[in-house]
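Residue numbering restarts at 1 for every chain, and letters A, B, ... go by the order of the sequence lines.
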2 protein chains.
Amino acid sequence: MKAKASIVEPHSYSISELAREFDITTRAIRFYEDKGLLKPERRGQTRVYSPEERVRLKLILRGKRLGFSLDESREIIDMYDPAHGNVEQLQRLLERIAQKRALLQQQLRDIESLMGELDEAEVRAQAALVKSRREDNP
Amino acid sequence: MKAKASIVEPHSYSISELAREFDITTRAIRFYEDKGLLKPERRGQTRVYSPEERVRLKLILRGKRLGFSLDESREIIDMYDPAHGNVEQLQRLLERIAQKRALLQQQLRDIESLMGELDEAEVRAQAALVKSRREDNP
DNA sequence: ACAAGAGTTTACGTTAACGTAAACGTAAGG
DNA sequence: CCTTACGTTTACGTTAACGTAAACTCTTGT
């Protein structure tokens, strides 16, 4: 067997590469690290990000798009590995998963109604536009 | 004709009624007013909220659930009445509607993937739970 | 050798969205 | 009349999530 095909995922990223890719500042990335959401390795004192860390960053940003705080995003990310073998913790994890699901369902309903109302708003705006144009050209 | 049936929507609300109904503080409601999101009438110096104002409050809170800032919520609420007759403004309104729609679609995608991942996380957690129980009772 | 560019730490500044508290007015009930 | 509940304004405090700036190190190209 030879290599893994031609898609050679770069196995590491610099902080500015990630900043560019996701259109955020390096300051923000370091901030997430301070808050314990990222733990890049170091080559000397320079931060080196693995593909896994990059995924964590993506999850953080997705959380932000959904209006989650960093703490909430951390909670969600932590749900990904049940390395917390302990029974009690697993129980609580399942509860938190259920809670998040309920929250997401509420968001879904909110989005649906908002979408519907945007449709109506658009219709009204279009109508108002047509009308005001007729008034311009009698 | 007599009355409008038996469902007599109270035509006005006090600030604490609304606070109770939506489980927020009166401080928050006054804050929204300061920010120009609500404009209740006054009976003397006391605030009196119409059903319309109550709806606006609901919209604000829905916006919050979707991670919108108060400014963003105000924008959305303003989309509801195209009283801004002017053509140019209507054009911009339509653009903003399109933008919000795109944003909501992104949120939908985010929610869907997160839901899927929660499913997987739940499966893993359940598995880990079963396993750790077997270890307890050999 | 040195300037430029990317990285680092440390620290103070800022904005949004309220919380908290003080100090006071008004209306109803005992 | 006094308390209690509800309301008001004004103002300072707080938290999250970075921005901004200073001061320094390391690497690299010319």
Side-chain angles (χ1 to χ4, degrees), chain A residues 10-50 53-54 56-78 100 103 107 110, chain B residues 10-50 53-54 56-78 100 103 107 110:
Chain A
H11 56 302
S12 73
Y13 308 82
S14 79
I15 192 170
S16 48
E17 277 170 4
L18 291 182
R20 241 172 293 132
E21 175 173 2
F22 296 114
D23 195 33
I24 56 181
T25 66
T26 61
R27 175 69 179 88
I29 297 180
R30 293 196 196 95
F31 182 75
Y32 299 151
E33 181 179 345
D34 278 2
K35 294 295 163 176
L37 291 168
L38 294 177
K39 276 154 204 169
E41 280 144 39
R42 301 277 182 142
R43 215 169 283 303
Q45 68 170 357
T46 299
R47 280 164 247 252
V48 177
Y49 296 85
S50 67
E53 289 293 295
R54 204 196 121 207
R56 293 174 69 89
L57 180 52
K58 269 176 103 161
L59 294 178
I60 296 170
L61 299 177
R62 191 180 65 190
K64 293 202 61 179
R65 287 198 299 272
L66 293 175
F68 294 172
S69 74
L70 292 184
D71 279 352
E72 289 174 316
S73 286
R74 194 209 338 265
E75 261 204 74
I76 291 176
I77 292 175
D78 287 349
K100 292 291 173 194
L103 203 154
Q107 288 206 17
D110 287 336
Chain B
H11 57 301
S12 73
Y13 307 82
S14 79
I15 192 170
S16 47
E17 276 171 4
L18 291 182
R20 239 171 296 132
E21 174 172 3
F22 296 115
D23 194 32
I24 57 181
T25 66
T26 60
R27 175 69 180 88
I29 297 180
R30 292 195 196 95
F31 182 76
Y32 299 151
E33 181 178 345
D34 277 2
K35 294 297 163 175
L37 290 168
L38 294 177
K39 276 152 204 168
E41 282 144 37
R42 301 276 182 145
R43 214 168 287 302
Q45 68 171 357
T46 300
R47 280 164 245 253
V48 177
Y49 297 85
S50 67
E53 288 293 295
R54 202 193 127 214
R56 291 173 72 89
L57 181 51
K58 268 176 104 162
L59 293 178
I60 295 169
L61 299 177
R62 189 180 65 190
K64 294 202 60 179
R65 287 199 298 272
L66 293 174
F68 294 171
S69 73
L70 292 183
D71 279 352
E72 288 174 316
S73 286
R74 192 205 345 259
E75 260 204 74
I76 292 177
I77 292 175
D78 287 349
K100 291 291 172 194
L103 202 155
Q107 289 207 21
D110 287 337

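Side-chain contact between B/Pro40 and B/Glu33 is present, with heavy atoms from C-beta onward closer than 4.5 Å.
Of the candidates D/dT8, C/dG7, D/dC6, the closest approach to any side-chain atom of B/Ser16 belongs to D/dC6. Taking every side-chain heavy atom of B/Arg42 into account, D/dT8 is the closest of D/dT8, C/dG19, C/dA17.
Proximity of a side-chain donor or acceptor of B/Arg54 to a complementary backbone N or O of B/Leu18 within less than 3.5 Å is not detected. Side-chain atoms of B/Ser16 do not come within 3.5 Å of backbone N or O of B/Ala19 as any donor-acceptor pair. In this structure, the side chain of A/Glu72 engages the main chain of A/Ser69 through a donor-acceptor pair within 3.5 Å.
Atom CG of residue A/Leu57 and atom OH of residue A/Tyr49 lie 8.5 Å apart, to the nearest 0.5 angstrom.
Across all strands, B/Ser14 comes closer than 4.0 Å only to sugar-phosphate atoms, never to a base (heavy-atom distances). In this structure, A/Thr25 reaches the sugar-phosphate backbone alone: every heavy-atom distance under 4.0 Å involves primed, P, OP1 or OP2 atoms, never a base. Contact annotation for B/Arg43: no contact, since no heavy-atom pair falls under 4.0 Å across all strands. Residue A/Tyr32 is classed as a sugar-phosphate contact, given heavy-atom separations below 4.0 Å to backbone atoms only.
Atom CG in A/Leu70 sits roughly 12 Å away from atom C1' in D/dT15 (whole-Å rounding). B/Glu33 has its CD atom 15 Å from the P atom of C/dC18, to the nearest Å. Between the CZ atom of A/Arg20 and the P atom of C/dG5 there is a distance of 14 Å, rounded to whole Å. Whole-Å rounding puts the B/Asp34 CG to C/dA16 P distance at 14 Å. The CG-C1' distance, from B/Leu37 to C/dA16, rounds to 13 Å in whole Å. Residue A/Glu17 contributes atom CD, which lies 12 Å from atom C1' of C/dA6 at whole-angstrom precision. Between the P atom of D/dA16 and the CZ atom of A/Phe31 lies a distance of 9 Å, rounded to the nearest Å. In this structure, the CZ atom of A/Arg30 is 13 Å from the P atom of C/dA6, given to the nearest Å.
The environment of B/Glu21 atom CD is dense: over 12 non-hydrogen atoms of other residues, nucleotides or ligands sit within 6.0 angstrom. The 12-atom threshold is exceeded at CZ of B/Arg42, counting heavy atoms of other residues, nucleotides or ligands nearer than 6.0 Å.
Taking 4.0 angstrom as the limit, B/Lys64 places a side-chain polar atom (N or O) nearer than this to OP1 or OP2 of C/dC18.
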With the sugar-phosphate defined as primed atoms, P, OP1 and OP2, and the base as all remaining atoms, what B/S/- string results for nucleotides 21-28 of chain D, 5' to 3', for protein heavy atoms under 4.0 Å? --------
